[in-house]
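A short worksheet on the structure shown next.
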Amino acid sequence: MSDSDNCADVDEMKSPDEIFEEYEAKLNDALAEVEEPPEKPGDGIRLGLGDLSLDRRDFMKAGAAVGATTALAGCSGFGGSGGQGTTSSGGHGSVPDHKVAPGEHDEYYGFWSAGHSGEVRVVGVPSMRELMRIPVFNPESARGHGFDDQSKRLLEEGGGYTWGDSHHPNLSETDGEYDGEYLFINDKANGRIARVNLKYFETDAITDVPNVQAIHGCCIQSPDTDYVFGNSEFRTPIPNDGRDVKNPDEYESVFTAMDPESMEVQWQVRVDGNLDILDTDKDGRWAISSAYNDEEGVEVEEMTHDDRDYVKAFDVPKIQKAVDNGNYEEVNGIPVVDGTQDSKLNQGSDPIVRYIPTPKSPHCVEVTPDGKYAMVAGKLSPTVSIIDIEKLDTADDPADTIVGQPKVGLGPLHTTYDDRGHAYTSLFIDSQVAKWDIEKAVEAEKGSTDPVIEKIDVHYNPGHIQATQAMSADPQGDWLVVLNKLSKDRFLPVGPVHPDNDQLIYIGDDAAGMELVADEPVYPEPHDAIMVEADKLDPATVWDESDYEGEKPYISEDESGIERTGEKSVEVNVSVKRSEYGLRDFTVKEGDEVKLTATNIEGSRDILHGLAVPQYDVHLALAPKDTRQATFTADDPGVYWFYCTYFCSALHLEMRSRMIVEPRG
Ligand code: RUQ
Ligand code: CUA
């Protein structure tokens with residue numbers, strides 16, 4: 001494809017630093033033209049770029065500013081076919097009510113990552129009401145995560161860290177559609193991947209992945225969840241045992257494949273450059289990863305020096321074959337295949353990893369629902385590169401796999417899809433969402449703005465963007481959520497730590513355009529979300545005892561009691577029901593190891609109890625028919641009230657019993 005006259009060529013000759021300097025200079029010029037500060041914060045739209053902030057309404061009033069904005073967004077202005085303004089104005093009647101009436105249910109489950117809060121949040125869409133939180137990498141007292149033996153062990157065996165940084169939630173698929181079984185999510189901070197069981201909305205596995213630092217990209221393999229993949233972002237020596245510490249050239253990052261059932265690492269591939277985000281095709285062949293810093297620098301200036309970085313396309317069956325044939329090195333018990341550019345497995349026409357040159361520091365990879373294309377966008381380039389997935393196999397020159405490169409705006413980060421051939425890309429620097437036509441972008445010249453249909457302002461600086469079921473083969477094309485990193489003036493101030501702002505946009509009416517319908521303040525800091533039709537999930541309303549058989553007992557009222565199991569150990573079994581523990585009190589001796597087992601014997605939905613033994617840092621949160629256990633050493637003689645933490649009945653306050661710790665005489 002020839003780039004004859006367009007601005008992509010011009011940009012490609014500039015360094016990222018130059019581009020940034022130019023953007024800032026233009027913005028400064030525009031700011032100088034605006035005399036009045038915005039009168040009333042909150043009703044305007046702000047541009048954000050570093051410390052600069054400007055009400056877009058005023059900004060657009062200034063003629064020079066309009067010129068500057070246009071220049072910022074592209075050579076030929078914002079408008080693509082039909083798009084003139086930048087903001088959809090409110091008020092067309094075609095938008096369904098996103099509010100869900102009292103007692104009614106949402107149409108979709110949304111699963112939000114929570115960044116350095118470490119959890120997963122369950123959000124109803126379109127109401128945007130937070131329905132539940134699922135603690136994953138974080139100890140969390142309300143659900144007792146980390147305060148009973150089982151979840152403590154999970155966190156301990158999952159690395160023993162007390163926090164995580166969850167970014168990319170993924171739902172398991174069968175035949176390319178969400179099957180409602182599992183959710184997988186990465187921990188960028190500690191290089192882990194966890195699994196949430198969607199029958200119980202509970203974390204049931206955490207794997208601390210060897211040979212990695214910072215697992216960032218994380219996805220399942222479509223269409224049947226044969227693997228869960230993770231990308232390590234930070235390059236280190238492998239193994240990272242003190243060798244080559246001062247020799248960054250020897251650092252590498254790895255691509256990891258895990259088994260979704262056992263949650264064990266199957267193999268890894270080491271590559272050049274930093275790996276970033278990840279998605280797969282829909283046929284179980286390619287896993288495609290964005291990457292930055294192919295310069296392999298360790299300082300920021302070195303990392304952004306070159307015009308190009310390399311997207312990596314992992315040929316999964318070929319890698320599997322290399323592993324089967326013993327073409328690997330074992331590092332910390334894991335088969336590690338050499339996928340660097342110089343590897344003998346990457347020579348010739350049949351490489352295990354394809355290195356595809358793309359403009360400057362691409363961040364996202366999102367595959368279209370039909371599996372035809374992978375969109376890759378570079379923070380430092382205003383374009384989205386369209387990779388034709390079929391060509392990954394056939395193109396002699398990897399550069400030929402890029403079949404389109406529309407210019408969408410400044411700071412493109414992530415792309416999502418509807419069911420009508422449109423892509424929606426978040427523009428971090430422009431604080432906008434660009435809607436564009438995928439096939440038009442393939443036909444258009446590279447760098448063209450023609451495929452852009454419409455842009456809408458968002459508030460402010462969006463990262464991820466997700467439409468309903470867009471990561472599956474069955475997108476819905478009605479609601480779009482934009483996860484804005486900054487909220488600035490959108491909410492009542494709550495001190496210097498601001499919430500993020502997740503915005504809901506209706507995209508179901510192409511003629512009327514995108515319509516912003518809701519702001520939702522969120523606690524730090526969701527990175528990504530995924531939405532699934534509610535009827536695809538079938539959560540339990542009470543525990544099914546057979547699901548924990550073998551792991552822990554079920555304690556009936558009759559089985560409540562205390563048994564001495566050794567000179568310094570006792571087992572205490574307690575049934576739990578409204579207002580009553582199966583034991584009014586129990587007595588142990590100073591220094592005894594107490595193994596406490598409690599079962600909520602109520603079969604009724606939503607009747608939860610807690611069993612808190614505060615002095616021993618124990619909190620068992622007991623859903624109906626669930627059993628939890630805690631083991632602790634009662635080393636201080638005295639009387640200890642244990643009590644129920646969930647308000648369960650008229651006699652909830654009276655729902656307490658005594659643990660008596662007798663001095664050992
Ligand atoms: S990141 S804002 Cu998904 Cu962790 Cu892109
Ligand atoms: Cu049981 Cu409160």
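Just so you know, ligand 1 is whichever comes first in the structure, and atom 1 is the first atom listed for that ligand.
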What residues, two or more places apart in sequence or in another chain, satisfy side-chain hydrogen bond (donor to acceptor under 3.5 Å, both in side chains) together with Tyr548? Thr627
What orientation do His168 and His464 show, parallel under 30°, tilted 30 to 60°, or perpendicular over 60°? perpendicular
Residue list, salt bridge (charged side-chain N to carboxylate O under 4.0 Å, His left out) with Glu520, at least two apart or on another chain: none
Quiz item: cation-pi between Lys435 and Tyr424, 6.0 Å / 45°: no
List-wise, which protein N, O or S atoms are found short of 2.8 Å from atom 5 (Cu) of ligand 1? His363 NE2, His414 NE2
Using a strict 4.0 Å cut-off to heavy atoms of His216, name the atoms of ligand 1 that fall inside it. 1 (S), 4 (Cu)
Within the 2.8 Å cut-off the protein N, O or S neighbours of atom 2 (Cu) of ligand 2 are Cys644 SG, Tyr646 O, Cys648 SG, His652 ND1
Salt bridge flag under 4.0 Å for residues Arg656 and Glu654: no
Look at the rings of Phe642 and Tyr581 and say which category their plane angle falls in: under 30° parallel, 30 to 60° tilted, over 60° perpendicular. tilted
Thr425 pairs by side chain to side chain contact (heavy atoms under 4.5 Å, CB included) with which of Val433, Thr383, Val384? Val384
Between Asp187 and Arg192, does any NZ, NE, NH1 or NH2 come within less than 4.0 Å of an OD or OE carboxylate oxygen? yes
Using 30° and 60° as the class boundaries, would you call the ring planes of Tyr200 and Trp543 parallel, tilted or perpendicular? parallel
Do Arg195's NZ or CZ and the ring of Tyr182 fall within the cation-pi criteria of under 6.0 Å and 45°? yes
Are any of the side-chain heavy atoms of Asp272 and Tyr355 separated by less than 4.5 Å? yes
What atoms of ligand 1 come within less than 4.0 Å of a heavy atom belonging to Lys485? 2 (S)
Find all atoms of ligand 1 within a distance of less than 4.0 Å from any non-hydrogen atom belonging to His168, and give their numbers and elements. 1 (S), 3 (Cu), 4 (Cu)
